[in-house]
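No hydrogens, no waters, no symmetry mates; every other heavy atom, side chains included, goes into these values. A, B, ... follow the sequence lines: proteins, then strands. Residue 1 opens every chain.
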There are 4 protein chains.
Amino acid sequence: MARNTKTKETVSTAKGQVEKAGSLNEGGARAKRAAERRAAILHAALEEFAASGYAAARLDDVAKRAGVAKGTIYLYFADKETLFRELIHMELTPVVGVLIHAAQTDVPLRAFTSQLIEVFVREVFGTRRRDVIRLIITEGPRFPTIAEFYYRDVVGPVLEAVRGLMRRAIERGELKSDVLVRFPQLIVSPAIVAIFWNGLFDRFEPLDLRALLQAHFDILFGDGRLS
Amino acid sequence: MARNTKTKETVSTAKGQVEKAGSLNEGGARAKRAAERRAAILHAALEEFAASGYAAARLDDVAKRAGVAKGTIYLYFADKETLFRELIHMELTPVVGVLIHAAQTDVPLRAFTSQLIEVFVREVFGTRRRDVIRLIITEGPRFPTIAEFYYRDVVGPVLEAVRGLMRRAIERGELKSDVLVRFPQLIVSPAIVAIFWNGLFDRFEPLDLRALLQAHFDILFGDGRLS
Amino acid sequence: MARNTKTKETVSTAKGQVEKAGSLNEGGARAKRAAERRAAILHAALEEFAASGYAAARLDDVAKRAGVAKGTIYLYFADKETLFRELIHMELTPVVGVLIHAAQTDVPLRAFTSQLIEVFVREVFGTRRRDVIRLIITEGPRFPTIAEFYYRDVVGPVLEAVRGLMRRAIERGELKSDVLVRFPQLIVSPAIVAIFWNGLFDRFEPLDLRALLQAHFDILFGDGRLS
Amino acid sequence: MARNTKTKETVSTAKGQVEKAGSLNEGGARAKRAAERRAAILHAALEEFAASGYAAARLDDVAKRAGVAKGTIYLYFADKETLFRELIHMELTPVVGVLIHAAQTDVPLRAFTSQLIEVFVREVFGTRRRDVIRLIITEGPRFPTIAEFYYRDVVGPVLEAVRGLMRRAIERGELKSDVLVRFPQLIVSPAIVAIFWNGLFDRFEPLDLRALLQAHFDILFGDGRLS
DNA sequence: GATGAATGAGGGTTCATTCAT
DNA sequence: TATGAATGAACCCTCATTCAT
C-alpha cells in the first residue's frame, strides 16, 4: 500500500475496450492493438505481483515485461491499485460462470469428482489462476473492494452452487449428512492449502496434488469409512 | 523486498536477552527494560506487518506503536528483514515443542480432537500466532530462509508427529486407512483456510470456527459416514 | 563513506552520451538535453564536493544547484560514489593527452617553463581542475580506485613524460644532474602546495602564483645559483 | 560538516585539566585519570579522523578505540567539532616552539639541512603529526578557525622564522638570492607533497623520503648547479 | 564521573506518477 | 497514442547528541 492509502474503489472502465469511432478499418486495428497492449500489461502485472507481492512489485518491471514504456501503463490504468484490481476482475470473471454451471450438474458425486480434480489441476493449478487466487488471499485484506468483489461475485456464488450440489446429492441419497451444506469450505480447503504448499515447501516435500485431492474426495464421498 | 534482496540470513542473538554482568539490581533492571523494549518492538512489528504486509509496513509506524523512537529499533535489530525473521522465530519456537508433545498422546482420537480444537482456537486462532502463520504463508515465498526454517523446525516435525499419531490410531484399530499418514495436510487444511477466511470474508459470512473444525473431525474420525 | 564501503568500481557508460537512434531531430535534441543535464549535475557535484568534501556533500544540494530534482541524479549516476568517480574521470581524461604531448617538446627548458606556467595558471589553477586535483588528493585515500586510476592514467604517465623531458634536457646539455629524473615530484610540488595554500591561507597571506612558479623554475633551470 | 554548520568557534577549556579542589590525594588521582582519558580520546580521534576524514568518522568508533563509552567523549569535549579543533591544537602547539627555536640557529645551511631532514622524518613523517598536517590541509577549508589558528600560530611564525634563517644565510654569504625569503613555501613543498604521496601512490611507486629531501636541499643549497 | 540506551533529524535511494515531446 | 525523462514524497538507516541510571 505505502503511498496508496486512499483506496480508490471504482473500477475504471477498461479504456482499451471503449472504441472511439474512427475510420472503420484503422479504428478496428487500433482497438485491437490497444486490447493487446492491455492484455500484455495485465499479463506482465500478474507475474510481477505474483512474484513480489503487490507492494514490492515495480511498475517499471511490469512495463519492461509487457514490452511497453512505463507511461503507457497509465494510458490503460489509472494507477497501480486499479491495475491490480482490474487484474483480479479480468482473471476471475470468466471462471465463475463455468464453475457455477458445472455445479448445476446432476451427475453422481463420485463420477463428478474425478472430473473436478482434472479441471482444477489443469484449469487452475497449472495456470495463472493459481497466482490470482494466491494474490486475492494474500493481498485481499489490504484491498477491501477486492475481497468484497471476490466474495460477492466469486466465492459466494460458487459456495452457493456447491451447497446446491450437496443438497441435490442428499436428495438423491448420495449424502447422509448436511455438514457440507453448512461448511462447503471443507470441500475446497485442501485445494487452497495445496496452492500455498506449492510456493513454500514443495522443494522440501513435494505434494502430489491429484493424489491429495483424490484422497480428500474419497474421504468425503467414498463408500469406505476411515474409522 | 525492494532493497532487501540480499537476504541476510543470520538471526542475531537476542540482544536484550544477553545479560551483561553488572551490579545485580541495576543490571537486572536494565536487562528487564531491554527485554521489554525488545518485546514491545516485536509486538508492534507483528501488528504492522500483519496489517500491511512486510513490504508496505513502515518502521516508523512500528516505532510509534511500540512507543520508541525510530532509531531504537536498530538497537535491537539489524534491519527490517532481521526484525521480521526474528519475529517469526520468536513466536514459533516455543509452540513446536508443545505441539509435538501433544501429538505423542495415546488418547483415542475422538477424545483428542475436541481438546485439539479448543487448544487451536485459544492458543492459535485467538492470538498473535494466527498472524504469524498468515505472515509465513503470505511472505514466505519472498523469504526462502523463513520458509526453510518453518518447514524444518515447524511444519516438518509437526506433520511427522501427526503421522505418528495416525499410525498409532491405525494400530489401535481406530483408523482403517493410511490416507492421513500419507496426507496429514488433510487434517489441518480447514484450520488454515479458516485463518484466511477470517481476514477476508468474515464480515460477509462469519465462520463458526469451532463448529467447522468439529464437523471436519467428525468427517475424518466420526463413526457415521457421509455417504 | 558510511554506507558506501562496498566500492562499486565500474564506471557506468555515460548515459547521456549514448544516442539511441530516433528521429533525427528529436533524437539529437533529447541526447543533447540529456548531455546538458549530465554536465549540469557533474558541474554542481564538483562544486558541492569541493566545498564540503565527499562525505558531507548532500545530493540534495547538488540537485538544487544543478536545477534538477533529487531523483534525477539517479537517472544519470548509479549512486553518490559513482557520481564522484565519474566526475574525476571526466575532468582528467582530456587533460592527460595534452600534458603528455606538451612534455614531448624539444624546446629549451627555460623557454618552455614560462609557457608552462601560463598554461598551469590558466588551464588548471583558474578552473574547476584545481578542485578536482584537490579532491583527488584529499579523498583519494578513501577511494582506492580513484587513486589507482589517477596514478595509472594521470600521475604515472605525466611523471614519465616529465622524466623524458628531463632526460632530453640532459642530452642537450641543458641539465647536468639527473636528480629531476629521479624525483620529478620536485618539479611540481610548489604547484601542489599553491593549490592548497589558496583555500587555506590566501586570506591571510596571498600567494602570487606566477611569481612563485617563476622563482621555482629559476632555481631549477636558471643559470644563476642560489648559493 | 553535515549538521555542524554553526561552527562553534570557542575552544573549550580543557575540562580534564581543571582540577576541582577535592581531597588532595584523590583529587590528584582523579585529575590524572581524567587527563589520561582525555589523551586517549584525542589519540583515538586522530586515528579515526585520519582514516575516514572528519565528516565520515564516527564518534562511536572513536569511543571504542579510546576504550570509553560514547557519552564520555562529551564529558571532555563539547561536540565533534570541538574535539577536532582541540586535537589540532594539542598536536601542534608543542611543535611550534621547537621549530622556531631550531630556525634561530646560525649553523651553515648545508650542515643544518641534513639534521632537518632527520628531524622531519623522525618527528613528523613517522608520527601522528603527519596525520595532523594532512587533516589540517584537507579539512581546513571547512574549519575557518582551524585554518586561522594554524596560520597565526604555526605556519605564519614558522615561515617568518624560516625567512629569518634565509636572511641570515644571505648575510653570511651562503645564499645569493632572496627568492627563498620571498617564497619560503618553496623550501617545504616537497615535504608536503611527500605526505600526500604516501597515502595515495606509495603502493604503486614508493617514494624515498630522505633521498627526495636530500635532493631537494642539494638543489636549493648545494654548490653544484643543475644547469 | 561514566555509561550506553535512546532519540530524532537528516541523508541516500527508490519508485509511483506526471508531462513534454 | 506512446514514450521515458523528470519529479518529489517517502522510506530505511545512520549517527551526533542527550540523559536516566
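Atoms CG and CD1, on D:Leu87 and D:Ile41 in that order, are 11.5 Å from each other to the nearest 0.5 Å. In this structure, B:Lys80 NZ and B:Tyr74 OH are separated by 8.5 Å, a value rounded to the nearest 0.5 Å.
Between B:Leu42 and B:Leu83 the shortest side-chain heavy-atom distance falls below 4.5 Å.
Distances shown here put a side-chain N or O of D:Arg37 below 4.0 Å from the OP1 or OP2 atom of E:dT3. The phosphate of E:dA6 (OP1 or OP2) has no side-chain N or O of B:Tyr74 nearer than 4.0 angstrom.
If you check distances only, the side chain of C:Lys70 never reaches the base of E:dG11 with a donor-acceptor pair under 3.5 Å. Donor-acceptor pairing under 3.5 Å, judged by distance alone, is absent between the side chain of A:Lys80 and the base of E:dT17.
Comparing C:Ala57 and B:Arg33 by the nucleotide of DNA chain E whose heavy atom lies nearest to each, the residue mapping closer to the 5' end is B:Arg33. A residue-by-residue look at B:Thr72 and C:Gly71 shows that C:Gly71 has its nearest nucleotide of DNA chain F further toward the 5' end.
Between C:Asp61 atom CG and E:dG12 atom C1' the separation is 13 Å, expressed in whole Å. C:Leu75 places its CG atom 12 Å from the C1' atom of F:dG8, with the value rounded to the nearest Å. For the pair C:Leu83 CG and E:dT13 C1', the computed distance is 14 Å after rounding to whole Å. Rounded to an integer number of Å, the gap from C:Glu81 CD to E:dG12 C1' is 13 Å. Note: CG (A:Asp60) to P (E:dA16) measures 8 Å, nearest angstrom. The CG-P distance, from C:Leu59 to E:dT14, rounds to 12 Å in whole Å. Atom P of nucleotide F:dT7 and atom NZ of C:Lys64 are separated by 14 Å, given to the nearest angstrom. In this structure, B:Ile73 places its CD1 atom 13 Å from P of F:dT14, rounding to the nearest Å.
With salt bridges taken as basic N to acidic carboxylate O contacts below 4.0 Å, none links A:Glu48 and A:Arg58. A salt bridge links B:Glu139 to B:Arg142: one of the charged nitrogens lies within less than 4.0 Å of a carboxylate oxygen.
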Report the secondary structure of DNA chain F in dot-bracket form, marking unpaired bases with a dot and bases paired to a different strand with |, and treating Watson-Crick or G-U pairs with both distances under 3.5 Å as paired.
-> .||||||||||||||||||||
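Residue C:Arg30 places its side chain closer to F:dT3 than to any other of F:dT3, E:dA2, E:dG12.
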Going through the distances and angles, do B:Leu46 and B:Leu135 end up as a side-chain contact (heavy atoms from CB on, under 4.5 Å)?
-> CA-CA 9 Å; B:Leu46 176 53; B:Leu135 276 173; 3.7 Å; yes
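Ring pair D:Tyr54/D:Phe143 is perpendicular by interplanar angle, where above 60° counts as perpendicular and below 30° as parallel.
When heavy atoms are screened at a 4.0 angstrom cut-off, C:Ala63 is found touching no nucleic acid atom at all.
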